[in-house]
Amino acid sequence: MLDIKLIRENPDLVRAGLKTRHSPVDVSAVLELDERRRAAITEADQLKAARNEISKKIGALKKAGEDTADIQRQTREMGEKIAALDEAVRGIEEEQRKLLLAIPNLPHESVPSGEDALDNVVVREWGHKQTFDFEPKDHVALGEALGLFDFERAARMSGAGFPLFTGAGARLERALIQFMLDLHTTKHGYTEISPPYVVTTATMTGTGQLPKMADDMYHAPIDDLWLIPTAEVPVTNIYREEIIREPLPLKFVAHTPCFRREAGSAGQATRGLIRVHQFDKVELVQFVPPGTSYDALEGLVADVEDVLQTLGMTYRVLQLCSGDMSFAAAKCYDLELWAPGHNGWLEDSSCSNFEAFQARRANIRWKNAAGKTEFVHTLNGSGVALSRLYVAILENGQQADGSVVLPEVLRPYMGGIDRLVPKKK
RNA sequence: GGAGAGAUGGCUGAGUGGCCGAAAGCAACGGUUUGCUAAACCGUCGUACUGGUAAUAACCGGUACCGAGGGUUCGAAUCCCUCUCUCUCCGCCA
């Protein structure tokens with residue numbers, strides 16, 4: 001949510017920023033509501049001040065034993081007027097908030113202007129695209145031969161898009177989770193969190209999933225609870241409606257399953273683990289002082305890159321252009337893994353600085369050095385998503401005989417084995 | 001699920017219709033003094049909205065907020081209703 005004061009005082013700056021996002025939002029309506037709101041508040045406040053004064057007098061008169069019936073009737077009329085004005089203010093505020101919630105964040109000045117994904121900028125590439133002296137297979141063929149997962153039986157119990165990992169396949173997933181949590185907690189200074197996977201409507205609104213993304217999430221109507229699409233939701237909401245007392249920055253890492261309905265996205269790109277309704281993810285979330293959030297974003301990306309480098313992945317870092325950034329982000333980097341079996345890049349991490357956009361929405365504040373209460377800046381990034389990393393590990397490690405060599409750092413987590421070997425028939 | 005108790009400022013905690021934005025203590029911040037691994041004393045010490053001076057810091061004023069929402073009243077932290085959460089006991093249960 002943008003600051004109404006910013007819109008009021010610098011409407012042209014806001015308009016210009018939204019324009020680079022190709023957002024059709026018009027701030028004039030918000031400004032007009034703001035005028036009406038303030039006028040109504042001023043009028044109501046003046047009436048209340050008058051009423052308070054008279055009420056005080058009534059108390060004194062009564063104590064003196066005088067008749068106050070007349071003056072009381074007069075104040076009752078004021079009360080009715082006040083109630084009507086308060087009602088009007090409430091209505092205007094509700095309308096204004098609805099409009100404000102629909103306005104996306106302003107892109108940071110360093111964000112390249114552009115239409116869509118084609119205008120994103122490759123910032124750097126790491127590793128090299130491996131060549132094979134045989135035709136590389138995709139992860140589905142590899143994993144099925146290795147007995148790592150069983151999509152058919154999974155579909156029978158839950159429908160398509162819910163992976164069932166088996167044996168070493170299940171262990172490999174656990175190994176990756178453990179490896180990433182260990183790296184972020186011991187080397188990068190994050191505190192581990194294990195949050196609820198199911199949250200309320202208010203929580204979903206705090207981070208911006210609701211109302212916009214309702215159709216993309218799983219909902220349990222009996223209890224009006226939602227399955228989280230990312231750990232960003234519960235972890236960012238840890239401090240909802242709070243003034244943070246701990247010293248900033250606060251850095252959290254959480255592993256959770258993520259649930260996404262992915263409504264209307266069936267087809268080629270959904271094969272195997274590429275796009276699923278349930279996947280695990282290790283997520284990084286930071287709460288930082290406002291002046292430091294852009295440095296923190298670079299640090300966050302470095303933490304994610306460390307995961308990929310330590311695993312020996314080939315990847316590239318993209319800076320998203322203004323037109324391709326998500327609703328709440330002011331600046332965003334995507335990290336993409338090279339997957340030789342697909343002969344393409346797979347988006348596996350998204351690292352964003354939201355500035356105060358989420359904090360204002362969720363009312364997360366801190367006290368700065370001057371003792372003044374202000375909104376914090378929030379950031380998050382996948383560090384990283386399991387399913388696509390899993391794909392890249394299989395496809396990059398594959399050998400001519402169908403076995404898959406595991407990255408060295410994973411071996412201790414895999415009981416010391418160095419490769420996955422196809423099951424004998 | 002049943003019964004009971006409770007929710008007040010960063011914390012503890014007083015306050016049962018006007019003198020309460022709210023006592024007191026602790027913590028925090030500024031200062032004075034003594035001097036030593038700290039004490040004493042003085043002062044400051046909530047948030048949001050809003051008007052004005054001023055200009056995005058600051059100052060003065062108004063309004064609202066004592067878990068949330070609604071009601072009674074000229075006037076509500078205080079009375080009434082609904083909801084949420086916490087605690088205790090019972091039941092059920094991984």
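Chain identifiers are assigned alphabetically (A, B, ...) following the order of the sequence lines, protein sequences preceding nucleic acid strands; residue numbering begins at 1 within each chain. Just so it is clear, the structure is predicted and the values come from calculations on it, not from any experiment.
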Contact class for [X] vs. all strands (heavy atom < 4.0 Å): base, sugar-phosphate, or nothing?
X	answer
A:Lys62	base
A:Ser55	base
A:Ile58	base
A:Arg51	sugar-phosphate

I need the [atom1]-[atom2] distance between [X] and [N], as an integer number of Å.
X	N	atom1	atom2	result
A:Lys56	B:rU63	NZ	C1'	13 Å
A:Glu242	B:rG67	CD	C1'	14 Å
A:Ile82	B:rG62	CD1	P	16 Å
A:Glu93	B:rU50	CD	P	9 Å

Given [N], is OP1 or OP2 found less than 4.0 Å from the side-chain N or O atoms of [X]?
X	N	value
A:Asn52	B:rG62	no
A:Arg90	B:rG69	no
A:Thr373	B:rU47	yes
A:Lys367	B:rU47	yes

Got a sec: does the [atom1] of [X] have more than 12 other heavy atoms crowding it under 6.0 Å?
X	atom1	answer
A:Arg419	CZ	yes
A:Gln309	CD	yes
A:Met78	CE	yes

Partner of [N] by Watson-Crick or G-U wobble geometry, both contacts under 3.5 Å, or none?
N	result
B:rC92	none
B:rG61	B:rU50
B:rC36	none

inquiry  = Checking A:Glu232 against A:Thr236: is there a side-chain donor and acceptor pair closer than 3.5 Å?
reply    = no
A:Lys187 and A:Asp306 ion-paired at < 4.0 Å =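 Between A:Asp306 and A:Lys187 there is a salt bridge, with a charged N closer than 4.0 Å to a carboxylate O.
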